[in-house]
Amino acid sequence: FTAEECDARAEVMLENYVTTLGIEVATLISMVDTAIMPACIKDLKLYSTMPKLAGDRQKVYNAIQAEAAKLKTIAASRPKDLVADAKYLCDKVKPQMLAVRREVDAAEGLIDKDLYPYPTYEEMIYSH
């Protein structure tokens, strides 16, 4: 390959990475905002008359909201340069996505199964 061809291939790969991760960030934020947090709110309301039975729900659900807010802020600060954006996504955005995921995974074990908006890992593995 010529140097120009290598540069072009690298640019296509970076564009693919940046586009894919951008879609994943938007999807995660949307899932949290439109499904996970409403389910958390409904679940927490089940314990309104006996809050001591709620356990760590309030703490976990607040953590989801806080980590998602951080992700929104970080994602909104992406650089315009393709290479810088790819590095930023890898070094800043992906770790924050994992932080959100960690809290949502904790909530999955707490939310009433009838309220959880997505299939659980157990349902996906053992449903057939």
Side-chain angles (χ1 to χ4, degrees):
F1 295 108
T2 67
E4 291 83 20
E5 290 171 325
C6 288
D7 289 345
R9 290 175 74 94
E11 184 173 350
V12 168
M13 290 167 63
L14 284 170
E15 286 174 353
N16 183 44
Y17 176 77
V18 165
T19 300
T20 300
L21 208 52
I23 292 167
E24 290 178 4
V25 170
T27 301
L28 178 58
I29 290 169
S30 176
M31 290 172 73
V32 168
D33 286 348
T34 63
I36 299 294
M37 287 311 301
C40 291
I41 292 165
K42 288 175 187 171
D43 184 65
L44 202 54
K45 284 182 182 178
L46 297 175
Y47 296 89
S48 62
T49 58
M50 300 188 85
K52 289 183 181 181
L53 296 178
D56 288 338
R57 282 174 169 79
Q58 184 76 49
K59 180 180 147 197
V60 172
Y61 301 167
N62 285 342
I64 293 170
Q65 191 172 25
E67 295 299 341
K70 287 180 197 173
L71 178 59
K72 289 175 190 176
T73 300
I74 291 168
S77 302
R78 290 173 51 187
K80 301 298 181 210
D81 175 73
L82 182 62
V83 174
D85 191 21
K87 184 163 177 39
Y88 185 82
L89 285 164
C90 181
D91 296 343
K92 303 288 185 194
V93 176
K94 280 181 75 173
Q96 189 56 39
M97 289 174 71
L98 290 174
V100 173
R101 171 72 186 272
R102 192 171 32 253
E103 298 302 334
V104 170
D105 286 350
E108 182 181 321
L110 298 173
I111 296 175
D112 182 290
K113 70 176 184 162
D114 293 330
L115 295 176
Y116 198 74
Y118 301 110
T120 64
Y121 293 123
E122 185 176 315
E123 289 170 341
M124 287 190 287
I125 292 172
Y126 302 113
S127 65
H128 44 285

(request) Would you give the length of the straight line joining atom CG of D112 to atom CZ of R57, rounded to the nearest 0.5 angstrom? (result) 8.0 Å
(request) Dump the intermediate steps for side chain to side chain contact (heavy atoms under 4.5 Å, CB included) on M31 and V104, then the final yes or no. (result) CA-CA 10 Å; M31 290 172 73; V104 170; over 6 Å; no
(request) Count the heavy atoms of every other residue, nucleotide or ligand shown that sit under 6.0 Å from CD of E5, and state whether that count exceeds 12. (result) yes
(request) Can you see which heavy atom on D91 is nearest to which on P95, and at what distance? (result) O-CG, 3.3 Å
(message) In this structure, would L89 and V12 fall into the same cluster of hydrophobic residues linked by side-chain contacts under 4.5 Å?
(response) no
(message) Can you give me the closest heavy-atom contact between V93 and A75, atom names plus distance?
(response) CG2-CA, 4.5 Å
(request) Find out if a path of hydrophobic residues (ILVMFWY) with successive side-chain heavy-atom gaps under 4.5 Å connects Y61 to M50. (result) yes
(request) Give a yes or no on whether the backbone of Q96 and the side-chain of E67 come within a donor-acceptor separation of less than 3.5 Å. (result) no
(request) Calculate, to the nearest 0.5 Å, the distance between atoms OG1 and NZ belonging to T73 and K92 respectively. (result) 14.0 Å
(request) Could you pull out the closest heavy-atom pair between S77 and Y88, with the gap in Å? (result) CB-OH, 3.5 Å
(message) Hydrophobic clustering (ILVMFWY, side-chain heavy atoms < 4.5 Å, transitive) - are I125 and Y116 grouped together?
(response) no
(request) Drop me the distance from L44's CG to Q58's CD, to the nearest 0.5 angstrom. (result) 5.0 Å
(message) Are L53 and I111 connected into the same hydrophobic cluster when the rule is that any two of I, L, V, M, F, W, Y join if their side-chain heavy atoms are below 4.5 Å apart?
(response) yes
(message) Please report the interatomic distance CG(L82) to CG(L14), rounded to the nearest 0.5 Å.
(response) 5.0 Å
(message) Show every side-chain hydrogen bond (donor to acceptor under 3.5 Å, both in side chains) that has at least one partner inside residues 24-33, sequence neighbours left out.
(response) D33-K72
(request) Return the set of residues passing side-chain contact (heavy atoms from CB on, under 4.5 Å) with A26 (not counting sequence neighbours), or none when no residue passes. (result) none
(request) Might you work through the side chain to side chain contact (heavy atoms under 4.5 Å, CB included) test for L71 and V32, ending with a clear yes or no? (result) CA-CA 11 Å; L71 178 59; V32 168; over 6 Å; no
(request) Working to the nearest 0.5 Å, report the span between CD1 of I41 and CE of M37. (result) 5.5 Å
(request) Using atom types as modelled and distance alone, determine if a side-chain donor or acceptor of T19 lies under 3.5 Å from a backbone N or O of N16. (result) no
(request) Identify which one of I64, I36, L98 satisfies the side chain to side chain contact (heavy atoms under 4.5 Å, CB included) criterion when paired with E103. (result) I64
(message) On a heavy-atom basis, which atom in P119 and which in M124 lie closest, and how many Å separate them?
(response) CB-CG, 3.9 Å
(message) Can you give me the closest heavy-atom contact between A107 and C40, atom names plus distance?
(response) CB-SG, 4.5 Å
(message) Hydrophobic clustering (ILVMFWY, side-chain heavy atoms < 4.5 Å, transitive) - are L21 and M13 grouped together?
(response) no
(message) To the closest 0.5 Å, what do you measure between NZ (K87) and OH (Y17)?
(response) 10.5 Å
(request) Return yes when atom CD of E108 has more than 12 non-hydrogen atoms of other residues, nucleotides or ligands closer than 6.0 Å, and no otherwise. (result) yes
